Student: 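One structure is given below, represented as structure tokens, and several questions about it will come after.
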Amino acid sequence: MVPLRRNFRRLLPLLLVMLFATSAVAQSSPLIMKHADSLAVARKRGTLLLQGRVHFIHDSVQFRTQRAFWHKDAESVQCSGGFLFTHPSGYIKAQNGHYQKKAGIATASGDVHAGDSASSYLFTGEYLEYDREKEILTMPQKPKLYQFEKQKSGKIDTVTISAKRIIYNKKDAFAQAFDSVKVTQNDMVVTCDTGFFDRKNNWLSMKGHPTCDMKNYHLTGDSIFLVLDSAGKSLKSALVIRNAHGVQQEDPKRNAPGSVTEAFGDTLYAEFSSDKIERLYVNLNARGFFYETDLKDYRNLHQDRCVGIRNIFYLCWLLMFRTTIEAHHQQKLHLHNFQYCQP
């Protein structure tokens, strides 16, 4: 009985080659079944039911499962009872999987985890489609994308993107996120309806009720464009277009109360250094005001009078950390725009 089982296992690959001989001759890269504990063949229908430690190989990809249904005409394999799909640059792990040889598409469902061999990203969710040729991963169900960057100090910096649908181009490290988008990195939290994140070039573009929150800063507008520093670690600049609103909060220090500065305008541009505003520009219909946190009612009492030079001076006063303002109306301050440079 044991020799018979051994002979069966030895003959199994040969039987499979004979079964699909016609198909294999016409194909330069056939799908090869390397192992299965048992199989059932329906020759007329061109199907195979494989069970137990099933292992397939196609070119540079391979996948393993406990149960597989191979359909010859469709050139597809449906897997259940666990699915581990590996390719030269990464892997996909899930409860179920489906591989379409002609299209080079692998889909996975149920507790999906996808990553790469360099550990630069991790993609999780309930359903995933992977385009083998384009190296594009699409996840439409509960997706969450983690991107990891190792710093010189050895610390791992993580960017987390969640949304209702995420498309990730692995080659370009470019992510598109749609509906209920949330991006977090260190103390920065970004939300919007649609977001585009370029990890290679360190920029983030958002539209649809975008907000950006960092320690002591809050930005809103119709669209926001953020640029990170070369290491992708901290914010370098922010551009807010249409209905721009920026808020800066200073914590209380010693006996001095905290303070709040707000700026409004059609367009707001800010440059940051060490997570602090170094330069601020507000263009068209610029207005702003300043109040201390122990006088919160000042904002409501003076909101109607916060347009013009006087309140722009208040804004300058806070942003320059209460140093002397050396600006002339013709050079620095205008009713339609405002520019601030850190001295």
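Quick caveat, the model's predicted, so the values are computed rather than measured.
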Student: Indicate, with yes or no, if V282 and I277 share a hydrophobic cluster defined by side-chain heavy-atom contacts under 4.5 Å among Ile, Leu, Val, Met, Phe, Trp and Tyr.
Tutor: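 Yes, I277 and V282 fall within the same hydrophobic cluster.
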Student: Are V54 and V41 co-members of a hydrophobic cluster defined by side-chain heavy atoms under 4.5 Å apart?
Tutor: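 The answer is yes; both residues are in one hydrophobic cluster.
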Student: CD1 of I136 to CG of N169: how many Å apart, nearest 0.5 Å?
Tutor: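 Taking CD1 in I136 and CG in N169, the distance rounds to 5.0 Å.
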Student: Does T191 reach the side chain of M206, with side-chain heavy atoms less than 4.5 Å apart?
Tutor: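 Result no, sub-4.5 Å side-chain heavy-atom pair not found.
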Student: Exactly one of L235, V159, T160, I161 should register a side-chain contact (heavy atoms from CB on, under 4.5 Å) with Q185. Which one does?
Tutor: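 The residue from L235, V159, T160, I161 that satisfies side-chain contact (heavy atoms from CB on, under 4.5 Å) with Q185 turns out to be V159.
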Student: Classify the ring geometry of F264 against H245: parallel below 30°, tilted from 30° to 60°, perpendicular beyond 60°.
Tutor: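 F264 vs H245 ring planes: parallel.
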Student: Could you pull out all residues at least two apart from R132 that satisfy salt bridge (charged side-chain N to carboxylate O under 4.0 Å, His left out)?
Tutor: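 D59.
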Student: Ignoring hydrogens and angles, write down the donor-acceptor pairs under 3.5 Å from the side chains of residues 81-89, residues two or more places apart or on other chains.
Tutor:
| residue | atom | partner | partner atom | Å |
| --- | --- | --- | --- | --- |
| T86 | OG1 | Q62 | O | 3.3 |
| H87 | ND1 | S89 | N | 3.4 |
| H87 | ND1 | S89 | OG | 3.2 |
| H87 | ND1 | G90 | N | 3.3 |
| S89 | OG | E135 | OE1 | 3.4 |

Student: Could you state the interatomic distance from CZ (R199) to CG (D172), rounded to the nearest 0.5 Å?
Tutor: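 CG of D172 is found 15.0 Å from CZ of R199.
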Student: Members other than Y91 in its cluster, when Ile, Leu, Val, Met, Phe, Trp, Tyr link by side-chain heavy atoms under 4.5 Å?
Tutor: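 Besides Y91, the cluster holds L122, Y146, F148, I156.
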Student: Any side-chain heavy atom of K182 sitting closer than 4.5 Å to one from V189?
Tutor: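 They are in side-chain contact.
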Student: I need the full list of ring pair (Phe, Tyr, Trp, His ring centres under 6.0 Å) pairs touching residues 150-169, with sequence neighbours left out, sorted by first then second residue.
Tutor: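 Applying ring pair (Phe, Tyr, Trp, His ring centres under 6.0 Å) to every pair that reaches into residues 150-169, excluding sequence neighbours, yields Y121-Y168.
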Student: Measure the spacing between OG of S223 and CZ of R242 and express it to the nearest 0.5 Å.
Tutor: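 Rounded to the nearest 0.5 Å, the OG-CZ separation comes to 6.5 Å.
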Student: Taking all non-hydrogen atoms of both residues into account, name the closest pair between D213 and T211 and its distance.
Tutor: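 Smallest interatomic distance, heavy atoms only, reads OD2-OG1, 4.1 Å.
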Student: Considering non-hydrogen atoms only, spot the tightest contact between Q78 and G97 and give its length.
Tutor: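 Smallest interatomic distance, heavy atoms only, reads NE2-O, 3.5 Å.
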Student: I need the F178 CZ to D193 CG distance, nearest 0.5 Å.
Tutor: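 Atom-to-atom, F178:CZ and D193:CG are 11.5 Å apart.
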Student: Compute whether any side-chain donor of one residue and acceptor of the other, for N285 and D266, lie under 3.5 angstrom apart.
Tutor: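 Short answer, no.
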Student: Taking only residues two or more places apart in sequence or in another chain, which ones pass side chain to side chain contact (heavy atoms under 4.5 Å, CB included) with A114?
Tutor: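 With sequence neighbours excluded, A114 shows a side chain to side chain contact (heavy atoms under 4.5 Å, CB included) to I92, F123, L128, L137, given in chain and number order.
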Student: In Å and rounded to the nearest 0.5 Å, what is the OG1 to CG distance from T267 to N243?
Tutor: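 Result: 10.0 Å between the selected atoms.
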Student: Side chain to side chain contact (heavy atoms under 4.5 Å, CB included), that's the test. Do H113 and D111 meet it? Break it down for me.
Tutor: CA-CA 7 Å; H113 288 69; D111 193 22; 3.1 Å; yes
Student: Do you reckon M214 sits in the same ILVMFWY cluster as V190, going by side-chain contacts under 4.5 Å, direct or chained?
Tutor: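 Yes, because M214 and V190 connect within a single hydrophobic cluster, where side-chain heavy atoms sit under 4.5 Å apart.
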Student: Please give me the minimum heavy-atom distance between G246 and L268, naming the atom from each residue.
Tutor: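 It is N-CD1, 3.9 Å.
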Student: Got D251 and K253 here, is their nearest side-chain heavy-atom distance under 4.5 Å?
Tutor: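 No, too far: nothing below the 4.5 Å cut-off.
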Student: Do you reckon L226 sits in the same ILVMFWY cluster as Y217, going by side-chain contacts under 4.5 Å, direct or chained?
Tutor: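 In one cluster: yes.
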Student: Side chain to side chain contact (heavy atoms under 4.5 Å, CB included) with I105: which residues, sequence neighbours excluded?
Tutor: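 For I105, the residues satisfying side chain to side chain contact (heavy atoms under 4.5 Å, CB included) (neighbours in sequence not counted) are Q100, A103, T107, E129, D131.
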Student: Roughly how far, to the nearest 0.5 Å, is CG of L280 from OH of Y269?
Tutor: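 It comes to 10.5 Å.
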Student: Does atom NE2 of H209 have more than 12 heavy-atom neighbours from other groups under 6.0 Å away?
Tutor: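 No, NE2 of H209 has 12 or fewer neighbouring heavy atoms, counting only those of other groups under 6.0 Å.
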Student: Carefully, step by step, assess Q147 and E149 under the rule side chain to side chain donor-acceptor pair (under 3.5 Å).
Tutor: CA-CA 7 Å; Q147 291 182 298; E149 186 78 25; over 6 Å; no
Student: Looking only at heavy atoms, what is the nearest atom pair of M139 and T124, with distance?
Tutor: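 Nearest heavy atoms, M139 then T124: SD-O, 2.7 Å.
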Student: Are the side chain of K134 and the backbone of K171 linked by a donor-acceptor contact shorter than 3.5 Å?
Tutor: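 Checking the backbone N and O of K171 against the side chain of K134, no donor-acceptor pair under 3.5 Å is found.
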Student: Heavy atoms, side chains only, cut-off 4.5 Å: are W70 and E75 in contact?
Tutor: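 They are in contact (side-chain heavy atoms under 4.5 Å apart), so the answer is yes.
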Student: Determine whether H58 and V77 satisfy the following criterion, side chain to side chain contact (heavy atoms under 4.5 Å, CB included), listing intermediate values before the conclusion.
Tutor: CA-CA 12 Å; H58 178 223; V77 182; over 6 Å; no
Student: Identify the two heavy atoms, one from V183 and one from V181, that lie closest to each other, and give their separation to 0.1 Å.
Tutor: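 Closest approach of V183 to V181: CG2-CG1, 4.2 Å.
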Student: Mind checking whether F56 and F63 have ring centres under 6.0 Å apart?
Tutor: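 Yes, they do, as the ring centres are separated by less than 6.0 Å.
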Student: Kindly indicate whether the side chain of L49, heavy atoms from C-beta on, has any atom under 4.5 Å from the side chain of R67.
Tutor: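 The answer is yes, as the side chains (C-beta and beyond) meet within the 4.5 Å cut-off.
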Student: A side-chain contact here means heavy atoms from C-beta on lying under 4.5 Å apart; do D229 and N202 qualify?
Tutor: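 No, too far: nothing below the 4.5 Å cut-off.
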Student: Spell out, yes or no, whether I167 and W203 are grouped together once hydrophobic residues are joined by side-chain heavy atoms under 4.5 Å, including indirect joins.
Tutor: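 In one cluster: no.
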Student: List the atom of H35, the atom of G52, and the distance in Å for their closest heavy-atom pair.
Tutor: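 So the two residues come closest at CD2-O, 4.2 Å.
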Student: F225 vs V227, test: side chain to side chain contact (heavy atoms under 4.5 Å, CB included). Steps then yes/no.
Tutor: CA-CA 7 Å; F225 184 82; V227 177; 3.4 Å; yes
Student: When you measure from the side chain of T65 to the backbone N and O of S80, does any donor-acceptor pair fall under 3.5 Å?
Tutor: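 A pair under 3.5 Å: yes.
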Student: As a quick check of understanding, evaluate side chain to side chain contact (heavy atoms under 4.5 Å, CB included) for F197 and L145, giving each step before the final call.
Tutor: CA-CA 11 Å; F197 185 64; L145 175 63; over 6 Å; no
